[in-house]
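Here is the structure we will look at, set down as structure tokens.
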Amino acid sequence: MYNSKSEKAVEFIHDGEILRVLDYAKENKNNKPLLEQILRKGAEFRGLTYEEATVLLECEDEDILEQIYALAKKIKEHIYGNRIVMFAPLYLSNYCINGCRYCPYHGENTHMPRKQLSQEDIVREVTALQDMGHKRLALETGEDPVHCPIEYVLESIRTIYSIKHKNGAIRRVNVNIAATTVENYRKLKEAGIGTYILFQETYHKPTYEYQHPKGPKHNYEYHTTAMDRAMQGGIDDVGIGVLFGLYQYKYDFVGLLMHAKHLEDTFGVGPHTISVPRIRPADGIETAEFPNAVGDKTFKKLVAILRIAVPYTGIIVSTRESEQSRSEVLEVGVSQVSGASCTSVGGYADREKAHTEQFEIEDTRTLDEVVGWLMDTGHIPSFCTACYREGRTGDRFMQLAKAGQIGNVCGPNAIMTLKEYLMDYASPETRVKGERLIEKEVAKIPNDKVREIVRERLVKLEQGERDFRF
Ligand code: SF4
Ligand code: SF4
């Protein structure tokens, strides 16, 4: 039986309930009064149930679709403003004992050179990332208790936080490692991680088991309850996601929202972020094997409806997506993007030698180009990491947002971190654009006192001081 608070994965992600919802949505896909009622509820920034969101997803009426996009855009502007938070992935190790069919790091891929970064390698990688201007990283590793034990991950986190090159610093380390124990999550929490990220890949159990034929990841129950253990270990910022294209996207969409509801109902805090990767070609992986691959139009619709359904949850897209596709989804809901990513182990310090990409990158622009592009398209690239460092985690972002303080907190932090970026890393052209944007954005800060403080701090940044935050 479906039970959102159950400890068992198959009860809080309940196959029968998902199929019921999909049927209900199909029956109501042309039910205009219901669709309009759902959109009216969404417009109150209260979010939607998974059932309501799925009715929107099923609907193909062009007029309603336009209303969905307009509403998603409005919600995004209202809650997040025009800020886009920037981050970069850092691959520590690609040793892996799992057998994921869609990932070239799977244990049986003998063509894949294996590498684990030493602490000296990490210093080189992080220095290269700091020299681009990054402040926020997502650590990525394969699963291998011998080549990548938890002690190695913890030591790497300590190394990363300790590196201060010129004015650079990594101020928030998010971690994407395999499902583990409550004890290990507690250790990650103590090491000062930001968000713990783990993608479900697919919520459809038979497909999950087929796609993960061996290794610890084969265990659907253990993988799906990872966030429960993370929460029990004290991590209240968790990031979920599915790999769209492994199974039918509608099923996984319901699963994703059910997972969010489970966390909210059980721990009082929903996911901090949702990532929306899609199947991409990679070494030895043919997309033709994935008939459920999601096209651009559907992808945009998915992002827009997620924005309406979980308005206070960050939505992340990576450089797997092209510039064109990222533009489309930024409009309707995405709040975080990676920039100038390298998906191989050791690739920031030495791109030529890496040869271990996990997946192909579509957006290959430099960080400076991505920052310039975001500004050209009306966004403020933000390198803010303030909440985590001020102890604002879990649902505190939501409280900030609900109290209408985004404009007085996130906006100013975006402006000040962008200023740091312009001073330390930007090309002359980006700097000119950025200075113009900052001038405009400062004027928009609602609170007089905050606006005044930001102006003073901008001067101090010019004089060489760093790291201001609200
Ligand atoms: Fe290993 Fe992760 Fe790749 Fe699976 S997706 S093979 S667990 S690195
Ligand atoms: Fe994110 Fe907090 Fe910074 Fe706002 S202040 S952008 S919520 S880290």
Side-chain angles (χ1 to χ4, degrees), residues 79-87 89 91-109 112 114-116 135-136 139-145 147-148 171-172 174 176-180 194-195 197-202 208 211-219 223 226 237 241 243 246 272-273 277 279-280 282-285 312-314 316 335-336 343-345 356-359 380-403 405-418 450 468-470:
I79 296 180
Y80 299 85
N82 54 350
R83 294 168 306 109
I84 299 292
V85 171
M86 311 291 302
F87 77 99
Y91 284 72
L92 293 183
S93 166
N94 66 352
Y95 285 95
C96 194
I97 56 171
N98 288 312
C100 314
R101 293 183 193 268
Y102 48 85
C103 173
Y105 290 172
H106 68 80
E108 275 159 23
N109 186 356
M112 176 60 65
R114 301 289 163 169
K115 188 166 179 189
Q116 182 217 48
K135 300 282 188 269
R136 184 187 276 248
L139 294 194
E140 312 277 341
T141 72
E143 179 167 14
D144 188 322
H147 292 96
C148 189
R171 299 173 180 157
R172 178 176 175 124
N174 297 334
N176 180 357
I177 62 165
T180 184
T195 310
I197 303 160
L198 183 69
F199 300 160
Q200 177 63 28
E201 320 297 7
T202 174
Y208 180 94
Q211 291 293 346
H212 307 100
K214 60 183 274 247
K217 195 166 171 181
H218 180 70
N219 187 335
H223 188 83
D237 272 1
L243 181 50
L246 286 183
H272 186 63
T273 54
I279 287 281
R280 300 271 323 140
D283 176 52
I285 311 289
Y312 298 101
T313 303
I316 303 178
S335 56
Q336 272 192 44
T343 65
S344 56
V345 183
T356 59
E357 284 81 13
Q358 190 191 28
F359 55 83
I380 318 179
S382 172
F383 294 88
C384 179
T385 54
C387 277
Y388 151 74
R389 296 165 77 221
E390 292 292 316
R392 293 192 296 258
T393 58
D395 66 353
R396 271 164 275 190
F397 165 67
M398 198 190 285
Q399 289 166 11
L400 205 64
K402 283 189 173 160
Q405 285 308 309
I406 297 292
N408 288 319
V409 179
C410 302
N413 285 337
I415 292 169
M416 293 186 298
T417 55
L418 175 61
V450 174
F468 293 108
R469 60 182 181 268
F470 287 96

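Every number for a ligand or one of its atoms is a count from 1 in the order of the listing.
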Nearest non-hydrogen protein atom, [atom]:
| atom | answer |
| --- | --- |
| atom 3 (Fe) of ligand 1 | Cys103 SG, 2.3 Å |
| atom 1 (Fe) of ligand 1 | Cys96 SG, 2.2 Å |
| atom 2 (Fe) of ligand 1 | Lys217 NZ, 4.2 Å |

Close-contact set for ligand 1 against [X] heavy atoms, below 4.0 Å:
| X | value |
| --- | --- |
| Gly142 | 8 (S) |
| Cys100 | 4 (Fe), 5 (S), 6 (S), 7 (S) |
| Tyr105 | 3 (Fe), 6 (S), 8 (S) |

Ligand-residue contact atoms, ligand 2 with Arg392, heavy atoms, under 4.0 Å: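 With Arg392 as reference, the close atoms of ligand 2 come out as 5 (S).
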Those atoms of ligand 2 less than 4.0 Å from some heavy atom in Asn413: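 This gives 5 (S) as the contact atoms.
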Short N-O contact, Asp144 and Arg114, less than 4.0 angstrom: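 Looking at Arg114 together with Asp144, the answer is no, because their closest N to O distance does not fall below 4.0 Å.
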Arg469 contact mode with ligand 2 (heavy-atom cut-off under 4.0 Å):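 Neither part.
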From Ala414, Cys387, Cys410 - option closest to atom 8 (S) of ligand 2 by heavy atom: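 Minimum heavy-atom distance to atom 8 (S) of ligand 2 goes to Cys387.
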Validation row, ring centre Phe199 to ring centre His223 under 6.0 Å: no
Whether Tyr102 and His212 hold their rings parallel, tilted or perpendicular, with breakpoints at 30° and 60°: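 It falls in the perpendicular class, over 60°.
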